[in-house]
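Letters A, B, ... mirror the listed sequences (proteins, then strands); counts begin at 1. In this text the structure is predicted, and so the values were computed from the model without any measurement. Worth knowing before you read on, the calculation uses all heavy atoms, side chains too, and leaves out hydrogens, waters and symmetry mates.
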Amino acid sequence: MASSSAAGAGSTDPTAARRNTKRPKYSKFTQQELPACKPILTPRAVISAFLLVSVVFVPIGVAALIASRKVVEIVYRYESKCIPSNVTDRVAYIQSSADKTCRISLDVTKHMKSPIYVYYQLDNFYQNHRRYVKSRSDEQLRDRSEEGSTSACKPEDTANGKPIVPCGLIAWSLFNDTYSFFRGNKNLTVNKKGISWKSDREHKFGKDVFPKNFQNSSIRGGASLNESIPLSEQEDLIVWMRTAALPTFRKLYGKIEVDLNEGDTINVTLQNNYNTYSFSGRKKLVLSTTSWLGGKNDFLGIAYLTVGGLCFFLALAFTIVYFVKPRQLGDPSYLSWNRNPGGH
Amino acid sequence: MMDPKTPCDSSSNFDSFMFNSLSRRSGISTQSRSSVRNNSIREVSFGHSVSKPVRYGSKGADSEALSTSQKEISDEDARLIYVDDPERTNEKFEFAGNSIRTAKYSIITFLPRNLFEQFHRVAYVYFLVIAVLNQLPQLAVFGRGVSILPLAFVLLVTAVKDAYEDWRRHNSDKIENNRLALVLVNGQFQEKKWKDVRVGEVIKISANETIPCDIVLLSTSDPTGVAYVQTINLDGESNLKSRYAKQETKSKLVEKERLNGLIKCEKPNRNIYGFHGNMEVDGKRLSLGSSNIVLRGCELKNTNWALGVSVYCGCETKAMLNSSGAPSKRSLLETRMNSEIIMLSFFLVALCTVSSVCAAVWLKRHKDELNLLPYYRKLDVSKGEEDSYEYYGWGLEILFTFLMAVIVYQVMIPISLYISMELVRVGQAYFMIGDSRMYDKATNSRFQCRALNINEDLGQIKYVFSDKTGTLTENKMEFQCASILGFDYSSAIESLENEQVEYSVQADGKIFKLKMMVKVNKELLQLSRSAFANKEGKQIYDFFLALAACNTIVPLLVDTSDPMVKLIDYQGESPDEQALTYAAAAYGFMLIERTSGHIVIDIHGERQRFDVLGLHEFDSDRKRMSVILGYNNNSVKIFVKGADTSILSVIDKSLNADILQATETHLHLYSSVGLRTLVVGMRDLNVSEFEQWHSAFEAASTALFGRAAMLRKVACNVENNLCILGATAIEDKLQQGVPESIESLRTAGIKVWVLTGDKQETAISIGYSSKLLTSNMTQIIINTNNRESCKRHLQDALVIAGNQMSVPGVSHNSEGSSDAVSTPLALVIDGTSLVYILDSELEEELFDLASRCSVVLCSRVAPLQKAGIVALVKNRTDDMTLAIGDGANDVSMIQMADVGVGISGQEGRQAVMASDFAMGQFRLLVPLLLIHGHWNYQRLGYMIIYNFYRNAIFVLVLFWYVLFTAFTLTTAINEWSSMLYSIIYTALPTIVVGILDKDLSKRTLLKNPQLYRAGLRNEAYNKKLFWLAMADTLWQSIAVFFAPLIAYWGTTVDVASIGDLWTLSVVILVNLHLAMDIIRWSWIIHAVIWGSIVATFICVVIIDAIPAFPGYWAIFHAAGTGVFWICLLGIVIAALLPRFVVKYIYQYYFPSDIQISREAEKYGNSRDNGGGQIEMLPVSDAPPR
């Protein structure tokens, strides 16, 4: 108690005192004094940052725009054109077993360098619908022995008491329009190999899993599968089963591996089988070249140019304002208690 | 020996201070220990307080005083203990055994019990409800495992922490239970494990042993039956306290003859300062009080052995009953946060409603198509007949959509924020405790953070209520002046002649030295040594004899390295008494020995023995204590010491009128320089007086009921017609750095109120010396003793205050006097006036007045009034209050205030036990508030808003996607990613930044206390910031979501790829958003920010490398395209652009004080910022006018 004033008699061994001290150990960490960099938004830094962004963004934007413009794309919407004009009930027509062959011709307006990708595009088709995306069985697709694990596939899990392979709504609704292309009279071969992801072929779809009992239920959803070909080689199915993120999507149909010249006319014979009429979905056939940025889409280029331009403008504006109304950094006269000494 | 009782009880005479006080307003529980301290100066009387039972036996709580002490303990309320007969004792009722169990769980009960306790928290219940909802097959948005993950994670973390703590408790229980005690079995003492000790057994305790259970003392090695105990484990006080065996039992030898006694005492309760019971021995009935019981956990000191019978064992002991935590407080920020949480709940409901309404509209529109819609296919034909698959009708579908939306958007309510906040507070506490600036060298005590949920409140304190003694002052008393016979012997004035004398006495070939050095006045020393022939000499003799005898100090002899030299250490509860005893010893009146029956005083080398015939302890009604000494020549004298008012009223005014007058002058002089004064008087008792007193005293001290009142009456009867001996003045030195600290706090905009039990003059003088009061202040003194004049005074004062305020050009909102141009006001008010004001309609006026004053000094306030004043402010404003104190009398105030700070000082540890934060000295309050409070507030305020933003942006991204999935709540972001989002992807940076980032250096914050006002202005967390953050969130979520949407519209992109892009861009965005606001980039911050982003990439890659998920390998395909990276870069820049621009404009053109100081720190002239050791004391610049 009286230790501090007990100078003489009460004094203790200084080393002992040091040993017993509870003084926290000093380290830069515990004292929160680690060396640190303290960036401050100075006008110079901010203006340089804006300039930097515009310098980076504008060229990228230009490059993206050029790339997008270079892409040649032929889009042909055919779902209504391929219905004979005398048909009134389109749904009944598409569900009937009538011959649904349809011939269209496409004009190549610009030289198209190979490979030319053939896509079908569906609009207003919600492949991302909750009921739909869940209705699949990845185990079954991968592993022959898991044939029976179809619990996630309802209502397309079993038919006639036996499990369906591949089960589920996604597989059931497999797209079944087919296209064949002719330039003049000459057939243009469409390469349908390698249109799906290699990773899917090798790991998600089994080499020893064969379609079974597929499209055998009373309602037919889409394409049938050749039961002698393993799933890993059913590339249309693999492509289809990579469900699209957005309600308007394209799926790769195949590749044309010859150049198409300006002025060519491509005749397409297509089998219009797929029922999008019940929900007024659109079907389009797309032929497109590709660039480093993918397909034709000006958005990214425009967005980059906008952001880059905006940053340049901001840099300019801040520079002007900085020269008109500068403030010395850290000037204590701006402190609130120095500004109005009357108290506040 | 005339007194059959043990008339000296230095033990805590303080009445009830119950830890878990009952209702404070009931006025019974929180009286303080010190309010009955043998030291008059701190004493106050307070009108509404209950009279306290004082003296030997029934020192029960006041509540008991009111109830049980007035009547016999009824049989059903009593516990019957047959001494040395545990079988019979435990026959009828099995009393608890002595094994204790502080551990909460056993291996079997751990799981259910821990879960049960964890689910007391709303956050976990929310998690659970969401997880349970998700288990319903109709609502299964996420996989089973995934939805449980976040809940399981937090439960696991908490459970592991609890299990570890409990394991440690188990171990300490085991050690505790297996300690050995000597127990009387069949007439012999045998060693028994503590856990086997039973109620009714007789236990023998040797010196320095710990008491195994609560025992009633039977006998001790001391012939008078006294035993000294140290209660450091119980209440932290290191002073020795004396406990007594009853006269009737102290001479019994329990080994030889069986003691046939029956103890009847109250049921176990948690009042450690009260015990009530009686014992029947040999047909005689003895009453037992708190001075007869020794509690578990105490240590026996200075006594060879003690025998006692156990009355409460194990979990029924008072120590165990008291081992519960303080009530928890909620921080202001958290309370404010609630309104924003409610706002977020509205957002959540709105999002869910939009989702479900849209879903309903969609269903209605496609009603006819649903059967065959390829992506809906309501028709189920697998069973043969037509059925509808998972369609529950329109209404239920909407309901399910709504509930699913709640599950998907659950993180909108940032439940993880609560957990992060707790972690952050733990981290902040770690640094507060570890700060070497918060360490007090004098008491060798670290800062303690006892409450972990109000760290940030330290940054918003507006009112500081401070105790004086021990808080502002050191509570190390130094004897300064004496006034004897009207002569002033001031050591302070004649400082040149003073020297510190090491006084020593030789006796029996040994040298006795005082443990403490005392300054002495040479003249007085000379006089005290002179013969006692003349009247003056006699007076001086009596004066010092009174100082040496009239106290409850126990002298302890301490061995030193030199076997011939013994140190005398005066142990006692009152520092004033210690100072006086040391002073008397220095002047040659050395107290050598004290037993209950006599004292031995060495008077200038000559040992004299006096019989202590009676001792009237201090109580707060009389405000004095007295001792009746029997001299060798059979003369009897009474010596009285006490507060000036109390003694002067019982002085025989006809004697020595001039001396009286001179003494009064001196008293005034002393108290005006801030000294604590006591007056000493004495009187000879003639034989008849003595006889009369003795029989009355006997009767009173053996009385079973109302003993305290009777004893008080006896004391009052004898303490009169005194002859004045003189007065003493003790200096209570200001603690180091107090004036500077107060100045700093005031500059910071904090109002400092001092509440003290001292006299008004002392309070004012301390006020001046601590710079609380300055000469340019207008003092308003309210010092009345009835309600009417009180009211009048208040109204007059308000008028004065009003005039002051209406001086033109002066802001009405005076924040701290230092800024005000007009003369600041100081309100000085005393406890008596407060009695009339508090709890009446005058409260409002007092508050009005007090809030206009820059200083408020309350003197003579009782502990309960302290709490009342705190409540006065707390209930009328939203401002945060902080109470700081060191003694038990401050406990009520500490508990009442929003933040309670205890000083671990001289007055025990009760204040510390009740406090939220504890530290060594008052001046540490400055770094606590100005540095740590400021940091904690800034950090946590930012963290809350950031967490709102972080969760809301994620939910919005999910929500936007739902609009493109036919409103079916599909998430593009992988379900694992969405669960890991708040656990791995973004959790660590906000926690680490919440702990480590600091806006300004310690030095700057101390130099400019004004920066503290940022917290008072709610700068780091307010509605405006919230809405700005929400607007920013909206824009950022739009940028994140729609850029990829448009870029990928009509392409072959699959759900998983675009989901990965969204995941990565959200995570990078929120981390960069945080990075933009970080002020100090140390390597740790770098590590967590960039580490989180890298960890996210790794997690996304891992998730996409599992073939079982539909999104297998998506990230590798996506990352191989240019669009992906261009989107990512564009999103991050575009999303952060508005915030960056706004931030820059604000910082550069509308800079806050913090911003300017930060710039000054970096670019200011190097002279100011020059490194080197930062001085320990806060030096505040004079505020610029």
Give me the ring orientation class for [X] and [Y]: parallel if the planes are under 30° apart, tilted from 30 to 60°, perpendicular past 60°.
{"X": "His129(A)", "Y": "Trp362(B)", "value": "tilted"}
{"X": "Tyr430(B)", "Y": "Phe29(A)", "value": "tilted"}
{"X": "Trp1113(B)", "Y": "His203(A)", "value": "tilted"}

Which atoms of [X] approach chain B - backbone, side chain, both or neither, heavy atom under 4.5 Å:
{"X": "Ile60(A)", "value": "side chain"}
{"X": "Tyr119(A)", "value": "side chain"}
{"X": "Phe249(A)", "value": "both"}
{"X": "Leu293(A)", "value": "both"}
{"X": "Arg142(A)", "value": "side chain"}
{"X": "Ile40(A)", "value": "both"}
{"X": "Ile170(A)", "value": "neither"}

Salt bridge (Lys or Arg N to Asp or Glu O under 4.0 Å) involving Arg130(A) - partner list, sequence neighbours excluded: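 Residues passing salt bridge (Lys or Arg N to Asp or Glu O under 4.0 Å) with Arg130(A): none at all.
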
First locate atom CG of Asn297(A), then atom OG1 of Thr1051(B), and finally report the distance between them rounded to the nearest 0.5 Å.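 If I round to the nearest 0.5 Å, the distance is 8.5 Å.
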
Chain A contact via Ala972(B) - which portion, at a heavy-atom distance below 4.5 Å: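 Neither; nothing under 4.5 Å.
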
List in chain and number order the residues that pass ring pair (Phe, Tyr, Trp, His ring centres under 6.0 Å) with Phe299(A), two or more places apart in sequence or in another chain; answer none if no residue qualifies.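 Ring pair (Phe, Tyr, Trp, His ring centres under 6.0 Å) check on Phe299(A) returns nothing, list empty.
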
Using a 6.0 Å distance limit plus a 45 degree cone around the ring axis, check whether Arg327(A) lies over the aromatic ring of Tyr1149(B).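 Relative to the ring axis of Tyr1149(B), which defines the angle, Arg327(A) lies outside at least one limit.
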
Atom of Pro24(A), atom of Arg446(B) and distance for their closest heavy-atom approach: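 That would be CA-NH2, 3.6 Å.
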
Closest heavy-atom pair and its distance - Tyr375(B), Arg131(A):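 For Tyr375(B) versus Arg131(A), the nearest heavy atoms are O-CB, 4.1 Å.
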
Shorter than 4.5 Å, heavy atoms on both sides: which option in Pro39(A), Ser27(A), Ser217(A) has the most such pairs with chain B?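 If we count pairs closer than 4.5 Å to chain B, Pro39(A) comes out on top.
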
Test Leu373(B) against Tyr126(A) for side chain to side chain contact (heavy atoms under 4.5 Å, CB included), laying out the working first. CA-CA 10 Å; Leu373(B) 209 53; Tyr126(A) 287 89; over 6 Å; no

Answer with yes or no after comparing the ring centroid distance for Tyr376(B) and Phe279(A) against a 6.0 Å cut-off, counting only values under it.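 No.
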
